[in-house]
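Working notes, beginning with the structure itself.
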Amino acid sequence: MNGPGVGEGCVAAWEVAEYDLEGTLEGGQAFGWERLGDGWEGVVAGRWVWVGRDGARVEARTALPVGDWDWIEGYLGVREDLAGMLATFPDDEPLRQAMASCRGLRLLRQDAWEALACFLCSATKQVVQIREMVRLMRERHGKEVPGPAGRVVRAFPTAERLASLDEGALRACKLGFRAPNLLMAARAVAEGRLELGELRRLPLDEARARLMGLRGVGRKVADCVLLFGLGFERAFPVDVWVRKALARLYFPRARRLTARRIERFSETHFGPHAGLAQQYLFHHARTRLGRAWGRGGARGEE
DNA sequence: ATCCAGGACCACT
DNA sequence: AGTGGTCATGGA
């Protein structure tokens, strides 16, 4: 291990059979983790935290004393039975490939507002560009959080804070045409017209419909928020990579694949942990298969 | 230079 | 229900 000094902070570690920290923290489901030493630093539940490895264990360090570790255990999912979830996947070749190439990949349980804001900004952007937008919003508008050794970092800005800005301030964070959408979403949440926490108790379809009532939130962004921020494990976001993966791996002979057909397949084929399966397909496609596929692979031509 | 990126929306069919 | 244009911005 080679992390930051703990100072007056605390250290905790968990025995975890398989956990791919890099694929999970940098793989396009969260956008705020930065490399530090042999691990990553970020802000979770309003606390600075460093996450890395200690041999076979996943380790977390805080800058300040903490009374419990539930907030980061839940975020990382270090107590969850990954093998048990993978065992619920359908036994098919595409998933066998994806599981073999992404061993230890997991789903994070993120803050719902942060997930909504980040994925609202994700439209037609690469992961590195989303990270840059998020970094700018954090640096310019995020609340200060005490870091290690006297450093100060910033949390992702609250809905209340973003709702107080004007469109220009968000465009200055490189949001482009997404700026007015994020501003309206921030206002809806800040004014209590949309209570994200309440959505957890709704059926998937109803929670999705509520999210899609926001301008700029379509099916894909809604499913990201449901899966990464609200704990709906069957939500299955279909972006360009997942569409390519499904087309190439499951429908190699289809000449055309409508969104409706993809949707029905994803809802029925993958089981209770469909969202996790989606993340395996996404990561596998983006990191291993992307270059070989070249352009236009969504239609399954050979 | 051209295409494309963890899309959504609108106007037409 | 399915297509095409448009919206910013920057990677590859």
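Proteins get letters first, then strands, A, B, ... in listed order; numbering begins at 1 in each. Every heavy atom of this structure was used, including side-chain atoms; hydrogens, water molecules and symmetry mates were not.
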Touch check for [X], heavy atoms < 4.0 angstrom, all strands: base, sugar-phosphate only, or nothing?
X	value
Val238(A)	nothing
Ser122(A)	sugar-phosphate
Gly28(A)	base

Separation of the P atoms in dG2(C) and dG6(B), to the nearest angstrom: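 Looking at atom P only, dG2(C) and dG6(B) are 25 Å apart.
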
P spacing across the pair dG7(B) / dA12(C), given as an integer number of angstrom: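 Result for the P pair: 16 Å, nearest Å.
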
Interatomic distance, [X] [atom1] vs [N] [atom2] [rounded to whole Å]:
X	N	atom1	atom2	value
Ile262(A)	dG6(B)	CD1	P	17 Å
Phe31(A)	dA5(B)	CZ	C1'	12 Å
Trp241(A)	dC4(B)	CH2	P	11 Å
Ile130(A)	dA5(B)	CD1	P	12 Å
Lys244(A)	dC3(B)	NZ	C1'	11 Å
Lys220(A)	dC9(B)	NZ	P	13 Å
Met133(A)	dG7(B)	CE	C1'	12 Å
Asp223(A)	dG6(B)	CG	C1'	12 Å

Ring-base stacking, Phe282(A) with dG6(B) (5.5 Å, 30° cut-offs):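 Yes; by the centre-distance and plane-angle rule, Phe282(A) counts as stacking on dG6(B).
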
Ring-face cation of Arg47(A) near Trp71(A) (centre distance under 6.0 Å, axis angle within 45°):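 Yes.
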
Check: Phe236(A) ring centre within less than 6.0 Å of Tyr280(A) ring centre: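 No.
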
Side-chain touch Leu82(A)/Tyr19(A), heavy atoms, less than 4.5 angstrom: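 Sidechains of Tyr19(A) and Leu82(A): no contact.
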
Arg219(A) vs Asp223(A) side-chain heavy atoms within contact, under 4.5 Å: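 They are in side-chain contact.
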
Arg215(A) side chain near dC10(B) phosphate (N/O to OP1/OP2, under 4.0 Å):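 True: Arg215(A) side-chain N/O within range (under 4.0 Å) of dC10(B) OP1/OP2.
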
Under 3.5 Å donor-acceptor, Arg154(A) side chain and Arg135(A) backbone: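 Checked: no pair found.
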
Pair of N/O donor and acceptor under 3.5 Å linking dG6(B) base with Gln279(A) side chain: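 Looking at the base of dG6(B), it does pair with a donor or acceptor on the side chain of Gln279(A) (distance under 3.5 Å).
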
Given DNA chain B, 5'-ward residue of the pair Arg178(A) and Val221(A), judged by closest heavy atom: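 Upstream on the strand: Arg178(A).
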
Which residue lies more 5' along DNA chain B, comparing Gln126(A) with Leu214(A) via nearest heavy atoms: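 Its nearest nucleotide lies further toward 5', so the answer is Gln126(A).
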
Pairwise distance CG(Leu25(A)) to CZ(Phe31(A)) - rounded to 0.5 angstrom: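 Output value for this atom pair is 12.5 Å.
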
From Leu105(A) atom CG to Leu276(A) atom CG, the distance as rounded to the nearest 0.5 Å: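 Taking CG in Leu105(A) and CG in Leu276(A), the distance rounds to 7.0 Å.
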
Residue whose nearest DNA chain C nucleotide is more 5′ - Ala123(A) or Val128(A):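 Its nearest nucleotide lies further toward 5', so the answer is Ala123(A).
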
Thr258(A) or Lys125(A), whichever maps to the more 5' nucleotide of DNA chain C: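 Going by which nucleotide is closer to the 5' end, it is Thr258(A).
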
Chain A footprint on DNA chain C, 5' to 3' - any atom under 4.0 Å from a heavy atom: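 Answer, 5' to 3': dG2(C) to dG11(C).
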
Step-by-step side chain to side chain contact (heavy atoms under 4.5 Å, CB included) determination, Glu41(A) to Arg61(A): CA-CA 9 Å; Glu41(A) 67 172 338; Arg61(A) 305 180 181 205; over 6 Å; no

